[in-house]
Each structure stands twice: as C-alpha cells, then as structure tokens.
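For reference, the structure is listed below as structure tokens.
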Amino acid sequence: MKYRITRTKVPNVLRFMAFFKTVIAKLATEATSNRCNPFITFVLGGPGSGKGTQCVKIAETFRFAHLSAGDLLREEMSSNSENGTMIHDIIKDGKIVPSEITVNLLRKAIHSSGNHKFLIDGFPRNEENRIAFERIVGVEPDIVLFFDCPEEEMVKRVLNRNQGRVDDNIDTIKKRLEVFKKLNLPVIDYYSAKGKVCKINAVGTVNEVFEKVKPVLAALRYCEGRILDIHESSSSSSSSAAAAVDAATRYHNRTKHSLTRGATPGGPRGLDWANQPNPFLPSSPPSPPPPPLSPEPHDDSPPLPLRLPPPFLRRSPFSRLHLPPPLRLPLPLRLEVHRPLHLVPPRQPVQRQPSPHRVPPPFPTSSPLATTTLLSSSFLFLFFLGPLLTQGPLPRAPRLDISAGPPPPPISARRLLLHPLAGGLEVRRACLSILQP
Ligand SMILES: Nc1ncnc2c1ncn2[C@@H]1O[C@H](COP(=O)(O)OP(=O)(O)O)[C@@H](O)[C@H]1O
Ligand SMILES: O=c1ccn([C@@H]2O[C@H](COP(=O)(O)OP(=O)(O)O)[C@@H](O)[C@H]2O)c(=O)[nH]1
C-alpha cells in the first residue's frame, strides 16, 4: 500500500515540477521576447506624400532607425547584384519588387542596426509584402503611420523631387498611384481593422505635418507592455508638460518611488499608491482656476490608437500603477467620462493649469463597453458594464484604445437626440489629460 502511494505520488510531484518548469520557461521566454522584440512602425502613404521627409524628422527627434524600403532597393539596384537589373525595371515600371528581396533587405538592416525602434518607410506595398514580412522577420508592426495626401499634391511633389530617380516622371507616377490605390490601400485597411493605423493629414508644410506626427510618437512611451525610451531630442519641440513628465520619471527612478526597483510592501511591483500622498488634492496655496480650454482645430482624421496592455482592462480595483508610465507620475490626472445624453456629467477637472498634452481616448463604439469612473482621488476603478448594458457577452480580449491627438469635438445636441436609447448606455469618450503640476 505504502509502495503504491509512493508510486502514484512521485509521478504527480514530478508532473507538477515539470508543469512548473514549463510555466517558468514560458514566462521567461515571454519576458525576453518582450525585451528583445523590435518596435516596428510601418510608414505608408502614396508616392510623394512625404513619408521619407517625415521619417527623417521622426528619426532625428525620437531616435528611431529609419529604413526606407525604396532606398534599400535602389542601393541593391546600383550595387551590381544579380537582382539589380530586375529591380531597376520593376521600379521604372512603378510595379512592386518580389517580397522575398525587399523583406530580406529589411531583415538584414534590422538585424545590423543597433537600434530597437524602426521606421519602415514605404513598406509593405501589398498583402504579399505584409505576409512575407510577418513570416520572415516574425513580427507585426506595432503601429502604422499613414500619410494621407491628395493625388494632385503627391504628383506635384514627386515632379519637384529632383533626385534623378528613374520613376519620378509623369508616366511612372500615374502607374505608382494606381498600384498604391489597388494594392497598398488594402494593407492600410487591414491594419486599420486591427486598430494600428494613425492617419495623418499630409497637407501642409513639412513642419506643420510634423506637428501632427509628434503627439503620436510622444504617446508611444508605453506600448504593448514595453516601455520605450521615446524622448524628444529637439529642445524646441519639447513642451513643458513633456519636461514635467521626464523630470518626474527621473525623480521616480532615483527614489523609493522607482517603478522597477525598491519595494514598499503591499504594492504591486514595489509601490503601493494607496500609501502615497493624494496626488489629486489641490496644492496649497490653491492654484488659480484653469483658463478656458482653447477650441481645438477640428480634425476629421480617425483617432490615433495607442493600445494599452491587458492589465489596464483586467484589474479591478484599478490603481495608477496600471496606467502607462506618463500617467502614473505624481501629476494630477484629469479623467472625463462623456456619455450620450450626459447621464453622468463629465467630472470637473482638477483645478490645475491644463497642459496642451492630451491623450483623448475614444472608446470603441461597438465593443467592448467599458466605463472608467474616477471614484476616489487616488484610485481609478474600472468597471465593465458590458454584460449589463449589452445583449451579448464581453469580447474575449477586451481592449481599450487610447488615442493621441486633439480632443474630439463635442457631441452635438442633434447627435445626442438621434442617439438610439435602445443601445443603452454607451461610453463615447474618455479623456485622460496630463495636467501640469
Ligand atoms: N509637407 C510638404 N510640403 C511640401 N513638400 C513636401 C512636403 N513633404 C515632403 N515634400 C517634398 O515632396 C517630395 C516628396 O517627399 P518624400 O518625403 O520623398 O515623399 P515619399 O517618401 O512619400 O515619396 C520631396 O521633394 C519633399 O521635399
Ligand atoms: O517595398 C517596396 C518599396 C518600394 N518598392 C519600389 O520602389 C519604388 C519607389 O518606392 P519609394 O518608397 O522609394 O518611393 P515612393 O513611391 O514612396 O515615392 C516603388 O514605386 C516600387 O517600385 C517596392 O517594390 N517595394
């Protein structure tokens, strides 16, 4: 009997140990891949939309490595390689070079770069390119910047480009525009459906367009659970809010408030915000009331998505530690919940000077339905009201998309009236703004 017990128990223990080992190995692999995965930004847009020009500015300002698929192909073309003539003919004809060639050039460039943040300019041009990249490089883009530009403007810019390119002539441009509409737009649609596309209106001066790009990159400090060392290196463009965030980050890293080291018992990853001074209390003496918010220019472009990691949605109660780092800092946060019919009026902002840096996140209007409410001054609680408010269950992987950009225009009275009551409560938008201390 004794022998039997031992016989059955030992395999159980071994099985448990094997299971435990597998779990640990899996977690370790995930952690490593998270650390090593490059951060990929695909930069798309028609010929002459200004992809290359903006990439140079982004790379300079946010220290991304800029890999232009077109430039890599042109280098290959002029290096007398076996594919040189073929590439030349395809480019001259405005067609697309076989995926294998472009993806392998990109793969080599990614691997030989010391950087881990990439702007992949002018790629993927078609579905085959996209699939080949995912297969060969083994990663999907984290974000896709799409420079949207009217055709006449693109033609004008390409004809003025004057770089001696074999394809910058009116005949080839017409073909490239056709190829762009037929093959590249479906790729953009594919990533749009995945919530990865940031559409940028490419009309305006180079600097005006870059002003639209900057908040997108600045908002990427935290993405998909990875902390990106994204800091603006140009002093002219860094706003005081960004400087406040950086100063607070440095402070956190130096002190017991470090988000990665040191430990205050009780708190996840070292810090328990419940024990910290209430960051929402107005400072003494009280700061002056905020000036009225200046009207933002109306922008029809879709929201710029920044996907938050699952803990953002899953944990309840929801503490500041579950927010992306810029929002975790001891800066007052403003949370506004806007709902149709204003069943719950937006909360009054904390009496601090609002900074121009905003992260206004429209919730997906279809699903999941979630509402974030500021319940106490130091904790945010997240409730899922989906099952109560909708007929169907919550989707299996709930996601909250935060978008960076100007705040949405207010819902007009007409839209409020038209909003179907049958849909029940629907959280339209929530705005998280970082306010200056
Ligand atoms: N916002 C802009 N306004 C005017 N000209 C621009 C703008 N952005 C880029 N250009 C010019 O248009 C041409 C095409 O830009 P480029 O960045 O090479 O486009 P793409 O990489 O999308 O083909 C270049 O000569 C560039 O200097
Ligand atoms: O992934 C790519 C990128 C570029 N090209 C070819 O290179 C040309 C020039 O591309 P580039 O991005 O340099 O310029 P753009 O068309 O954006 O002005 C394209 O028309 C294609 O013929 C390609 O085949 N695959």
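No experiment lies behind these values; they were computed from the predicted model shown. Hydrogens, waters and symmetry mates are skipped; everything else that's a heavy atom, side chains included, is used. Indexing begins at 1, ligand by ligand and atom by atom, following the structure's order.
Here is the list of ligand 2 atoms found below 4.0 Å of a heavy atom in Ala69: 1 (O), 2 (C), 3 (C).
Ion pairing of Asp168 with Arg176 is present here, as a side-chain N (NZ or NE/NH1/NH2) and a carboxylate O approach within less than 4.0 Å. Ion pairing of Lys57 with Glu211 is absent here, as no side-chain N (NZ or NE/NH1/NH2) approaches a carboxylate O to less than 4.0 Å. A salt bridge does not link Lys92 to Asp89: none of the charged nitrogens lies less than 4.0 Å from a carboxylate oxygen. A salt bridge links Arg130 and Glu127; the closest N-O separation between the charged side-chain nitrogens and carboxylate oxygens is under 4.0 Å.
Nearest-residue assignment for atom 21 (C) of ligand 2 (options Arg157, Gln163, Lys95; heavy-atom criterion): Lys95.
Between Ile91 and ligand 2, no N or O atom pair is found at a separation short of 3.5 Å. Of the polar atoms of Thr102, none of the N or O atoms is found under 3.5 Å from an N or O of ligand 2, judged by distance alone. The shortest N or O to N or O distance between Arg165 and ligand 2 is under 3.5 Å. Backbone and side-chain nitrogen or oxygen atoms of Arg74 are examined, and one is located within less than 3.5 angstrom of a nitrogen or oxygen of ligand 2.
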Can you give me a line-by-line list of nitrogen or oxygen pairs between ligand 1 and the protein shorter than 3.5 Å?
{"residue": "ligand 1", "atom": "1 (N)", "partner": "Arg157", "partner atom": "NH2", "Å": "3.4"}
{"residue": "ligand 1", "atom": "1 (N)", "partner": "Gly204", "partner atom": "O", "Å": "2.8"}
{"residue": "ligand 1", "atom": "1 (N)", "partner": "Val206", "partner atom": "N", "Å": "3.4"}
{"residue": "ligand 1", "atom": "3 (N)", "partner": "Gly204", "partner atom": "O", "Å": "3.4"}
{"residue": "ligand 1", "atom": "17 (O)", "partner": "Gly52", "partner atom": "N", "Å": "3.3"}
{"residue": "ligand 1", "atom": "17 (O)", "partner": "Thr53", "partner atom": "N", "Å": "2.8"}
{"residue": "ligand 1", "atom": "17 (O)", "partner": "Thr53", "partner atom": "OG1", "Å": "2.5"}
{"residue": "ligand 1", "atom": "18 (O)", "partner": "Arg161", "partner atom": "NH1", "Å": "2.7"}
{"residue": "ligand 1", "atom": "19 (O)", "partner": "Gly50", "partner atom": "N", "Å": "3.3"}
{"residue": "ligand 1", "atom": "21 (O)", "partner": "Gly52", "partner atom": "N", "Å": "2.9"}
{"residue": "ligand 1", "atom": "22 (O)", "partner": "Ser49", "partner atom": "N", "Å": "3.3"}
{"residue": "ligand 1", "atom": "22 (O)", "partner": "Gly50", "partner atom": "N", "Å": "3.0"}
{"residue": "ligand 1", "atom": "22 (O)", "partner": "Lys51", "partner atom": "N", "Å": "2.9"}
{"residue": "ligand 1", "atom": "22 (O)", "partner": "Lys51", "partner atom": "NZ", "Å": "2.9"}
{"residue": "ligand 1", "atom": "23 (O)", "partner": "Gly48", "partner atom": "N", "Å": "2.9"}
{"residue": "ligand 1", "atom": "23 (O)", "partner": "Arg161", "partner atom": "NH1", "Å": "2.9"}

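The shortest heavy-atom distance from Ser68 to ligand 2 is not under 4.0 Å.
Protein heavy atom in closest approach to atom 18 (O) of ligand 2: Arg176 NH2, 2.8 Å. For atom 3 (C) of ligand 2, the closest heavy atom belonging to the protein is Gly122 O, 3.3 Å. In terms of protein heavy-atom proximity, atom 17 (O) of ligand 2 is nearest to Lys51 NZ, 2.6 Å. In terms of protein heavy atoms, atom 23 (C) of ligand 2 is closest to Leu73 CD1, 3.4 Å. Atom 2 (C) of ligand 2 has Arg125 CG, 3.4 Å as its closest protein atom, hydrogens excluded (heavy atom only). Closest protein heavy atom to atom 8 (C) of ligand 2: Asp167 OD2, 3.8 Å.
Not counting sequence neighbours, the partners of Arg157 by the salt bridge (charged side-chain N to carboxylate O under 4.0 Å, His left out) test are Glu153.
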